[in-house]
Amino acid sequence: LGHDATLLALAATAYRAVTRNASIAPQLIVGHGILGRLIARIVIARGGPAPLVWEQSPARRDGAAGYAVTEPDDNNASFASIIDASGDPEIIDKAVARLSPRGEVILAGFYKESLSFRFAPAFMKEASIRISTEFDAADMAGVLSLVEGGALSLSGLVTHVKPVAQAGQAYEQAFDDPSCLKMVLDW
């Protein structure tokens, strides 16, 4: 797998988010960074219908592999299962507004600020809110099975490779450049 092998742990994390509720595949993914892309690819690799992905940044709307990526819209569509991979601290209220009754929001992003939400809208929909983090051996086995079987490709997600001598520049680019999905330091 070359540099793509560095994505296995993150892919297993995405796999865990997707499989948190085995009864329904995620229908909406918020965020088209590396984690959002892996989540979308895993949904499809597991035989689920192609999810819709919302991305705020125009620079991150390309690169879809069998699913649509759009800016968030204001139509009345609702979704039974929404996974957030954006890290937006206001995502719960935004997601609950688009949630079907008794739907589920899975928080898979990294949130730098405290999360809170308005209770009444979530109460009215009987929303479930779950947190998905990291992975375990079963998640890794699931990802390896998908990769080895050819259902899941990790290609095209490592967008930047720098020699370790340029680590300072690499970290700056990795965190500040929206076109940098995954930076690999080559030792």
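The structure presented is a predicted model; accordingly, all values stated were derived computationally and were not measured.
Separating the OG1 atom in Thr70 from the NE2 atom in His32 is a distance of 10.5 Å, to the nearest 0.5 Å. Atoms OG and CD1, from Ser132 and Ile39 in turn, are 8.0 Å apart once rounded to the nearest 0.5 Å. For the atom pair Thr19 OG1 and Ile42 CD1, the distance stands at 8.5 Å (nearest 0.5 Å). Here Tyr111 contributes atom OH and Ser86 contributes atom OG; the two are 5.5 Å apart, rounded to the nearest 0.5 Å. One finds the OG1 atom of Thr133 at 11.0 Å from the CG atom of Leu107 (value rounded to the nearest 0.5 Å). Between Leu38 atom CG and Leu154 atom CG the span is 6.5 Å, to the nearest 0.5 Å.
Using a 4.5 Å cut-off on side-chain heavy atoms (C-beta onward), Leu157 and Lys182 make no contact. Asp4 has its side chain out of reach of Val147: every pair of non-hydrogen atoms, C-beta onward, lies at least 4.5 Å apart. Side-chain contact between Lys94 and Asp84 is absent, with no heavy-atom pair separated by less than 4.5 Å. Side-chain contact between Ile91 and Val105 is absent, with no heavy-atom pair separated by less than 4.5 Å. Using a 4.5 Å heavy-atom cutoff, the side chains of Leu144 and Leu8 are in contact. The shortest distance between side-chain heavy atoms of Glu134 and Arg16 does not fall below 4.5 Å. With contacts defined as side-chain heavy-atom distances shorter than 4.5 Å, the pair Gln169/Lys162 does not qualify. Residues Thr13 and Asp139 have side chains not in contact (no heavy-atom distance under 4.5 Å, counting atoms from C-beta outward).
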Carefully, step by step, assess Leu35 and Phe110 under the rule side chain to side chain contact (heavy atoms under 4.5 Å, CB included).
CA-CA 10 Å; Leu35 184 61; Phe110 181 78; over 6 Å; no
Candidate pair Leu146 and Tyr15, rule side chain to side chain contact (heavy atoms under 4.5 Å, CB included), full reasoning
CA-CA 10 Å; Leu146 292 173; Tyr15 185 90; 3.9 Å; yes
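Counting all heavy atoms, side chain and backbone alike, Leu185 lies closest to Ala170 at CD2-CB, 3.6 Å. A pairwise comparison of heavy atoms in Phe135 and Met140 identifies CE1-CE, 3.8 Å as the closest pair. The nearest pair of heavy atoms linking Ala174 to Cys180 is CA-SG, 3.7 Å. When all heavy atoms of Gly66 and Ala50 are compared, the closest pair comes out as O-CB, 3.2 Å. What you find for Ser81 and Pro26 is that their closest heavy atoms are OG-CA, 3.6 Å. The two atoms that bring Ile29 and Pro51 nearest to each other are CD1-CG, 3.7 Å, heavy atoms only.
If you run side-chain contact (heavy atoms from CB on, under 4.5 Å) between Ile106 and each of Val18, Ile82, Ile83, only Ile83 comes through.
More than 12 heavy-atom neighbours from other residues, nucleotides or ligands sit within 6.0 angstrom of CD1 on Ile24. For Gln173, the CD atom sits in a packed shell: over 12 heavy atoms of surrounding residues, nucleotides or ligands are nearer than 6.0 Å.
Here the side chain of Lys125 pairs a donor or acceptor atom with the backbone of Ala97 at under 3.5 angstrom. In this structure, the side chain of Arg130 engages the main chain of Arg20 through a donor-acceptor pair within 3.5 Å. Panel note: side chain Arg60, backbone Gly31; no donor-acceptor pair is recorded below 3.5 Å. A donor-acceptor pair under 3.5 Å is absent between the side-chain atoms of Ser145 and the main chain of Gly142, judged by distance alone.
Salt-bridge check for Asp73 with Arg98: passed, with a basic side-chain N closer than 4.0 Å to an acidic carboxylate O.
Taking the six-membered ring for Trp and thresholds of 30 and 60 degrees, Phe117 and Phe119 have ring planes inclined between 30 and 60 degrees apart.
Residue Val30 is not grouped with residue Val43 when hydrophobic side chains (ILVMFWY) are merged at heavy-atom distances under 4.5 angstrom, including chains of intermediate members. Note: the hydrophobic cluster containing Ile34 also contains Val161 (ILVMFWY, side chain heavy atoms under 4.5 Å, direct or indirect links). Grouping the Ile, Leu, Val, Met, Phe, Trp and Tyr side chains by contacts below 4.5 angstrom, directly or via other members, places Tyr171 with Trp187. When hydrophobic clusters are built by joining Ile, Leu, Val, Met, Phe, Trp and Tyr residues whose side-chain heavy atoms come closer than 4.5 Å, directly or via intermediates, Ile44 is not grouped with Phe79.
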